[in-house]
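Step one of this worksheet: look at the structure below.
Just so you know, these numbers come straight off a predicted model, no measurement behind them. Below, each value reflects all heavy atoms present in this structure, side chains not excepted, and no hydrogens, waters or symmetry copies.
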Amino acid sequence: MSPSIDQRTVALLGGPDSGKTTFLAALVDSIQQGPERCSLEFEDEGEDVSPHRKLTEPLLLGKYPQRTKGERLHIDLGLSTRLSPAKSPSHFRLQIGDYNGEELERLFRRLSVDNFEEWEQRANAQGLLLFLRPDAIYPLVAKKRDAPAGEQLAVPGGPVLTPADMGIGSVVAEVPEARKLTADDPVRVPTVLALVELIQYLRRLRRLLPGERPPQGSFRIAIVLSAWDAVPATWRQQRPVAYLMEHASLLVDFLASNYHLDDVFYFGVSSTGGDLGVTSHAKRYRDDPGGYVCYANHAGRVVQSSDLALPIRFVLFGDEAIVRET
Ligand SMILES: Nc1nc2c(ncn2[C@@H]2O[C@H](COP(=O)(O)OP(=O)(O)OP(=O)(O)O)[C@@H](O)[C@H]2O)c(=O)[nH]1
Ligand SMILES: [Mg+2]
């Protein structure tokens, strides 16, 4: 490989149990399976392949990886990809690291981070894959808007109802007083607040002012809704951003206010194509490992691809790299 090869770093972040390790392992496995499976191709797997083996081993046995503990796996791969069949391949080295999602909670607990250098690297990466697993979202308490005092809601042709008749006032009244936390309580930060705080932290390291958009294309964010196979089918037929707008709209609004529209893309990703906890699927997966990615194409239509590299291609090359697929 040429010594002037592009070095590209992608940060992979998300809370505990959000599907990061599983995705990284499934991605490495799909690159190893070859170009029919994945649009990223190995040029040089690097000298030390033991981190790759360690990552993919559980999946090859049809099991999910253990939760990531103190150790960190960093992989550094020589890769190439074609943005379209007619274009010559782009060559680059991809550095991406896995880490324990609880580090995110530490940002809140101590308002400080371990391994500051690693955080600086993430902040200065080409982009970010940000993971949320729908089943593991700890919700934000949404306070319902109380109807203004004295206002009555009329139902056409029907009796006049007061907000209390419709239960609107009582929704607010039912939200319990927040309990005072003691020092021994685990920190349970609503997922969306943790992710906004995380992005704010990365933005501060990049010296971005609140609301300042980085130059277009300089930092892209792929939102990965992981374990997409476990989401009810009615949601899977919709654009992944629609799911987020319903369940974590604060994050969507925050991203729209701080990044160019073209620099954020939403994916629903099933790294393992189904639940490996189900014996029949684990057997199928062992025989033919693979997953899928769902996203909205330029026409707004939801499409599915077996190419797990699409979120990485978006972060590195923009949505042009995805349009080719559709
Ligand atoms: N059904 C399904 N479940 C998944 C998929 N990916 C991950 N999961 C589930 O999510 C759990 C957590 O996945 P991990 O990849 O370990 O999550 P992580 O973000 O690395 O977690 P930490 O290491 O604790 O930070 C797994 O044990 C699975 O139960 C998927 O594609 N489909
Ligand atoms: Mg992990």
Given the rule in the side-chain contact (heavy atoms from CB on, under 4.5 Å) test, do His91 and Glu43 qualify, once you have shown the distances and angles that lead to the verdict?
CA-CA 8 Å; His91 304 270; Glu43 298 227 317; 3.0 Å; yes
With side-chain contact (heavy atoms from CB on, under 4.5 Å) as the criterion, how do Gln32 and Phe42 come out once you've worked through the C-alpha distance, each side chain's angles and the decisive distance to 0.1 Å?
CA-CA 7 Å; Gln32 281 169 337; Phe42 268 135; 3.3 Å; yes
Any chance you could lay out the side-chain contact (heavy atoms from CB on, under 4.5 Å) test for Phe267 and Phe314, step after step, and finish with the verdict?
CA-CA 10 Å; Phe267 297 93; Phe314 166 72; 3.9 Å; yes
Please determine whether side-chain contact (heavy atoms from CB on, under 4.5 Å) holds for the pair Leu193 and Leu250, giving the CA-CA distance in whole Å, both sets of side-chain angles, and the decisive distance to 0.1 Å.
CA-CA 8 Å; Leu193 291 189; Leu250 182 72; 3.7 Å; yes
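Between the Gln126 side chain and the Thr9 main chain, a donor and an acceptor come within less than 3.5 Å of each other. Using a distance-only test at 3.5 Å, with no hydrogens or angles considered, a donor-acceptor pair links the side chain of Lys20 to the main chain of Gly14. In this structure a side-chain-to-backbone donor-acceptor pair under 3.5 Å is present from Asn258 to Phe254. A donor-acceptor contact shorter than 3.5 Å is absent between the side chain of Glu120 and the backbone of Glu117. No donor-acceptor distance shorter than 3.5 angstrom exists from the side chain of His52 to the backbone of Asp29, with no hydrogens or angles considered. A donor-acceptor contact shorter than 3.5 Å is absent between the side chain of Asp229 and the backbone of Ser270. Looking at Gln304, its side chain never comes within 3.5 Å of a backbone N or O of Tyr295 through a donor-acceptor pair. For the pair Asn297 (side chain) and Gly300 (backbone), a donor-acceptor distance under 3.5 Å is present. Remark: side-chain polar atoms of Ser226 are not paired, donor with acceptor, to backbone N or O of Val269 under 3.5 angstrom. Without hydrogens or angle criteria, Ser30 side chain to Leu27 main chain gives a donor-acceptor distance under 3.5 Å.
Figure legend: cation-pi geometry between Arg203 and Tyr259, with NZ or CZ positioned under 6.0 Å from the six-membered ring centre and within 45° of its axis.
Counted by atom type alone, His74 and Gln95 present zero donor-acceptor pairs between their side chains at under 3.5 Å.
Considering Leu83, Asp307, Leu79 as possible partners of Ser39, the one that fulfils the side chain to side chain contact (heavy atoms under 4.5 Å, CB included) test is Asp307.
Applying the side-chain contact (heavy atoms from CB on, under 4.5 Å) rule to Ser249 yields no partners; only residues at least two apart in sequence or on another chain are considered. Remark: Asp275 engages no residue in a side-chain hydrogen bond (donor to acceptor under 3.5 Å, both in side chains) (not counting sequence neighbours). For the ring pair (Phe, Tyr, Trp, His ring centres under 6.0 Å) test, no residue two or more places apart in sequence or in another chain qualifies with Tyr266. The salt bridge (charged side-chain N to carboxylate O under 4.0 Å, His left out) check on Glu118 picks up Arg72, Arg122, with sequence neighbours excluded. In this structure, the ring pair (Phe, Tyr, Trp, His ring centres under 6.0 Å) partners of Tyr201, at least two apart in sequence or on a different chain, are Trp119. Residues satisfying the ring pair (Phe, Tyr, Trp, His ring centres under 6.0 Å) criterion with Phe317, sequence neighbours excluded, are Phe92. Under the side-chain hydrogen bond (donor to acceptor under 3.5 Å, both in side chains) criterion, Thr56 pairs with no residue at all, not counting sequence neighbours.
Residue pairs meeting the salt bridge (charged side-chain N to carboxylate O under 4.0 Å, His left out) criterion with at least one member in residues 233-260, sequence neighbours excluded, do not occur. Under the salt bridge (charged side-chain N to carboxylate O under 4.0 Å, His left out) criterion, the residue pairs touching residues 123-138 are Asp17-Arg133, with sequence neighbours excluded. Sorted by first and then second residue, the salt bridge (charged side-chain N to carboxylate O under 4.0 Å, His left out) pairs with a member in residues 285-294 read Arg37-Asp288, Lys283-Asp287; sequence neighbours excluded.
A chain of hydrophobic side-chain contacts below 4.5 Å, direct or via other Ile, Leu, Val, Met, Phe, Trp or Tyr residues, connects Val303 to Val224. In the hydrophobic cluster analysis, where Ile, Leu, Val, Met, Phe, Trp and Tyr join through side-chain heavy atoms closer than 4.5 angstrom, Ile137 is grouped together with Trp235.
For the pair Ile75 and Asp98, the minimum side-chain heavy-atom distance is 4.5 Å or more.
In terms of heavy-atom proximity, Pro311 sits nearest to Phe23 at CG-CZ, 4.4 Å. Between Ala26 and Ser271, the shortest heavy-atom distance links the atoms CB-O, 3.5 Å.
Counted within 6.0 Å of CZ on Arg213, heavy atoms from surrounding residues, nucleotides or ligands total more than 12; the atom is thus considered enclosed.
Taking the charged nitrogens against the carboxylate oxygens, Glu320 and Arg313 have no contact shorter than 4.0 Å, which rules out a salt bridge.
Within the hydrophobic cluster formed by Ile, Leu, Val, Met, Phe, Trp and Tyr side chains joined at under 4.5 Å, directly or through other members, Tyr285 is accompanied by Leu59, Tyr64, Leu276. The hydrophobic cluster around Val278 extends to none of the other residues, as no ILVMFWY side-chain heavy atom falls under 4.5 Å of it.
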